[in-house]
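None of these values were measured; they are calculated from a predicted model.
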Amino acid sequence: MPSAAMGRLPPAVGRQFGRMRTPSSLGAKLVLIMTAVGLVAAVAITLLLAGIITPSFTKLEDKAIAGHVERTRAALSEYAAKVENAVRDYGDWNDSYAYMAHPDARFERESFSPLAMSNIGVDGMAYVTPGGRIVIARWRDPVSGVERPALRARLTAMIGRTDLGRVVGRQSSGRFYARVGDRVAAIGVARVRRSDGSGDARGYVLMARAITSRQISALLQLNARIDLAAIADRGTVTPTRSKLTIAVPIPGADGHAVASTRFSVPREVSLLGRRMLLLAVAGSTMLLLLVLIVLRRMIERLVLRPLHRVEGHMQRVRASGSLALLEEDGRRDEVGSLGRSFNAMLRQLKDLREQIEVQSFDLGRSESAVAVMHNVRNALNPISTILSQGIAQPAPVDRTTIDRAIGELARSDMPDARRQKLAAFVAAALEAEIANREATRRELTIGREAMAHVLEIIGQQQRAAHERPVLEVCDVSDIIARNATIARYSQGASIAFSFPAGPSPVLASRVILSQVIGNLFGNAVESIVARGTGSGSIAATITQADDRVTIAIRDDGEGFSPEIAATLFQRGFSTRAHKSGGLGLHWCANSMNAMEGSLKLESDGPGLGAVAILTLHAGDQALAQAA
């Protein structure tokens, strides 16, 4: 059969699947949801990485700062230790020990001269008695080597403010830093004793070596400077975006700072942490974006595209009326289950349509009570079959066996293993009984529908017997498509059908017109079978002229002589020798007259087929008049 209009889906089915006609909106919702999830995930990943990476690199930066501070303190201590080592040589010296007992100019010229101080590498020297009296003190200029009285005075003033005994303590020497004018100097102090370390100390020898910004920079390998204004006892760290400014206190004799060493270092660790954080966030965001894109593609491929395929097939079914099954792709997931359920629904609708079409064909076979009862009998056949099957169907499980199992379960001495088996058997029996009951309910539902159809036939026949049929606008193309299904039930012949697919509204009674067309199709099928070729074709055409619509149903069956065309509509006449009457042509003609139409049959002769011509009022003209 060629593709043709086989009717439309029922409105309830259309409404059921109308909710699935917007797959694009579903895709948009999925994209929106995945975008929101991606944004939330990106923010969460950013916060997580920031919470992990930032504190870690902050700790590393703190360790780097502590390392800079320790290196600065070590450099200052090493610088002062050199002065202490130099002054210890003068402290443990017989000449110094003798000088403190009897100061003389010779010792001062030989061991206290600018040349001697230059050789030692100190800027200032002094000998101090245990009581704090300064025996001699000198301060030379490190460049010119000349005496600097002002700085010597500052040196002596510093010595007067300092408790040298506390600096040395129980050791033979000690060191500290002190302010000497506008300079900071490393001070080394040693007790004056004999060369072998014996004898009571006769005082202290003190040496001073100034430390400059250039020297501290060379020691630290950094651009550092001595800050005389910053005298905080605790170091400070001043961070900026790109560098850290660190101030390390220079401790004096009393433990308080006399100045600070200030230098700046780049925040390499912090910058590295920020770059790593940005790289990690960017990488995770790109990975998340890639995952979302892949997920979107997979959803499109696994969910949306199959839904589009189902929706497109459903649209084709609605447009053509042909209940063709959806091609299954063998998927075992939810989408595959949806396709199988959809096909099951189409099969059910197809079966129901064919049942209705066959019943509609049987309705128009006769106008007499016998024909009505015959149609009723045909319609009651499904009910009879259902009842027969229900009566003949045995119980799923023998009642005696169930009673015996329940009786054994009631016994208290029953072993647990046996009890469990009996309980499982009873449960299985109950499930089988429930399934049988559901099957019976479904069959009774089908029977109820068939009974409702029987009541509709009887009611329609009663109304048709007492009054003119109620005319309404109906689609004759849809009626032809529905009745064309009878060709599938023809015996011994393969019949091809063709008919228009577009809507063609006419003014008629839908049920009666369906019976008339069904009778005409039945006549055409029998004519093709009687011809004996084993195959044939039936073609229906619809034309409209003014307010009249003409339906021509042409077959290539055995045909008839033009002379007997007028007698075909007589009651009881038949061209079949084995029949006592026709297939309701008399009733069909009267029904067409009742619907303000006409019916006539034409043939070119035996073996040349026949054509049935129906004429009705156009439905669109009736709609225009009603408007």
**Student:** Below 4.5 Å, heavy atoms only, C-beta onward: do Leu292 and Leu290 meet side chain to side chain?
**Tutor:**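 A side-chain contact under 4.5 Å is absent here.
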**Student:** Residues in salt bridge (Lys or Arg N to Asp or Glu O under 4.0 Å) with Glu431, at least two apart?
**Tutor:** none
**Student:** Rounded to the nearest 0.5 Å, what's the gap from CZ on Arg170 to CZ on Arg191? Could you check?
**Tutor:** 11.0 Å
**Student:** Looking only at the side chains, is there a donor atom on one of Ser264 and Thr245 sitting less than 3.5 Å from an acceptor on the other?
**Tutor:** yes
**Student:** Run the side chain to side chain contact (heavy atoms under 4.5 Å, CB included) test on Thr212 and Ile216 for me, step by step, so that the C-alpha distance in whole Å, both residues' side-chain angles and the decisive distance to 0.1 Å come before the verdict.
**Tutor:** CA-CA 6 Å; Thr212 62; Ile216 194 64; over 6 Å; no
**Student:** Quick one: pull up CZ in Arg262 and CG in Asn223 and give me the separation to the nearest 0.5 Å.
**Tutor:**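 Those atoms lie 13.0 Å apart.
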**Student:** Give the intermediate values and the outcome of side chain to side chain contact (heavy atoms under 4.5 Å, CB included) for residues Asp227 and Thr261.
**Tutor:** CA-CA 6 Å; Asp227 189 357; Thr261 300; over 6 Å; no
**Student:** Is any side-chain heavy atom of Arg225 closer than 4.5 Å to a side-chain heavy atom of Ser217?
**Tutor:** no
**Student:** For Arg88, which residues count as a side-chain hydrogen bond (donor to acceptor under 3.5 Å, both in side chains) partner, sequence neighbours excluded?
**Tutor:** Glu84, Asn85, Ser173
**Student:** State the CG-CG distance between Leu288 and Leu39, to the nearest 0.5 angstrom.
**Tutor:**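 That separation rounds to 9.0 Å.
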**Student:** Can you name the salt bridge (Lys or Arg N to Asp or Glu O under 4.0 Å) partners of Glu78, sequence neighbours left out?
**Tutor:**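 None.
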**Student:** One thing to verify: whether Glu147 and Arg140 come together as a salt bridge, which I'm taking to mean a side-chain N less than 4.0 angstrom from a carboxylate O.
**Tutor:** no
**Student:** Hey, could you give me each pair passing salt bridge (charged side-chain N to carboxylate O under 4.0 Å, His left out) that has a residue in residues 298-309? Not counting sequence neighbours.
**Tutor:** Arg296-Glu300, Arg309-Asp329
**Student:** Might you point out which heavy atoms bring Ile159 and Ala126 nearest each other, and give the distance in Å?
**Tutor:** CD1-CB, 3.7 Å
**Student:** Which heavy atom of Gly203 sits nearest a heavy atom of Met100, and at what distance?
**Tutor:** CA-CE, 4.0 Å
**Student:** Give the minimum heavy-atom separation between Val83 and Gly188, together with the two atoms involved.
**Tutor:**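 Shortest heavy-atom separation between Val83 and Gly188 comes out as CG1-N, 3.5 Å.
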**Student:** Does Glu108 offer a backbone N or O that forms a donor-acceptor pair with the side chain of Ser111 under 3.5 Å?
**Tutor:** no
**Student:** To the nearest 0.5 Å, what is the distance between CZ (Arg441) and CD1 (Ile434)?
**Tutor:** 12.5 Å
**Student:** Report the C-alpha distance between Val189 and Val87 in whole Å, list the side-chain angles of each, state the deciding distance to 0.1 Å, and finish with yes or no for side chain to side chain contact (heavy atoms under 4.5 Å, CB included).
**Tutor:** CA-CA 6 Å; Val189 183; Val87 78; 5.7 Å; no
**Student:** Any chance CD of Gln348 has more than 12 other-residue heavy atoms, nucleotides or ligands included, within less than 6.0 Å?
**Tutor:** no
**Student:** More than 12 foreign heavy atoms under 6.0 Å from CZ of Arg154: is that the case here?
**Tutor:** no
**Student:** Counting heavy atoms not belonging to Arg340, are there more than 12 under 6.0 Å from its CZ?
**Tutor:** yes
**Student:** Show which side-chain atoms of residues 248-257 pair as donor or acceptor with protein atoms under 3.5 Å away, not counting sequence neighbours.
**Tutor:**
unit_1	atom_1	unit_2	atom_2	d
Asp254	OD1	His256	N	3.2
His256	ND1	Asp233	OD2	2.9

**Student:** For Arg166, which of Asp163, Val168, Thr162 qualifies under side chain to side chain contact (heavy atoms under 4.5 Å, CB included)?
**Tutor:** Asp163
**Student:** Side chain of Asn94, backbone of Ser195: donor and acceptor closer than 3.5 Å?
**Tutor:** yes
**Student:** Sequence neighbours left out, what passes side-chain hydrogen bond (donor to acceptor under 3.5 Å, both in side chains) with Thr240? Give chain and number order.
**Tutor:**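 None.
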**Student:** Quick one: list whatever passes ring-ring contact (aromatic ring centres under 6.0 Å, His included) with Tyr90, sequence neighbours left out.
**Tutor:** Trp93
**Student:** Assess the residue pair His313 and Leu346 against the criterion (side chain to side chain contact (heavy atoms under 4.5 Å, CB included)); give the C-alpha distance rounded to whole Å, side-chain angles, the decisive distance to 0.1 Å, and a yes or no.
**Tutor:** CA-CA 11 Å; His313 183 78; Leu346 290 179; 4.0 Å; yes
**Student:** Excluding sequence neighbours, so at least two apart, what forms salt bridge (Lys or Arg N to Asp or Glu O under 4.0 Å) with Arg73?
**Tutor:**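 Per chain and number, Arg73 pairs via salt bridge (Lys or Arg N to Asp or Glu O under 4.0 Å) with Glu70.
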**Student:** Can you sort out the partners of Arg148 under salt bridge (Lys or Arg N to Asp or Glu O under 4.0 Å), two or more places apart, ordered by chain and number?
**Tutor:** Asp141
**Student:** Name all pairs fulfilling the side-chain hydrogen bond (donor to acceptor under 3.5 Å, both in side chains) condition that reach into residues 115-139, sequence neighbours left out, sorted by first residue then second.
**Tutor:** Ser96-Tyr127
**Student:** Work out which heavy atom in Leu228 is nearest to a heavy atom in Arg179; give both atom names and the distance.
**Tutor:** O-NH1, 3.5 Å
**Student:** Quick one: side-chain hydrogen bond (donor to acceptor under 3.5 Å, both in side chains) partners of Arg202, sequence neighbours excluded?
**Tutor:** Tyr97
**Student:** Quick check: closest heavy atoms across Val180 and Leu155, and the distance to 0.1 Å?
**Tutor:** CG1-N, 4.1 Å
**Student:** Can you name the side-chain hydrogen bond (donor to acceptor under 3.5 Å, both in side chains) partners of Gln221, sequence neighbours left out?
**Tutor:** none
**Student:** Any idea which heavy atoms bring Ala186 and Tyr177 closest together, and the distance?
**Tutor:**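 Smallest heavy-atom distance, with atoms named: CB-CE2, 3.5 Å.
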**Student:** Do other residues, nucleotides or ligands put more than 12 heavy atoms under 6.0 Å from the CG atom of Asp196?
**Tutor:** yes
**Student:** What distance separates Ile226 CD1 from Ile211 CD1, expressed to the nearest 0.5 Å?
**Tutor:** 5.0 Å
**Student:** Does Gly132 offer a backbone N or O that forms a donor-acceptor pair with the side chain of Tyr204 under 3.5 Å?
**Tutor:** no
**Student:** Roughly how far, to the nearest 0.5 Å, is CG of Leu222 from OG1 of Thr72?
**Tutor:** 7.5 Å
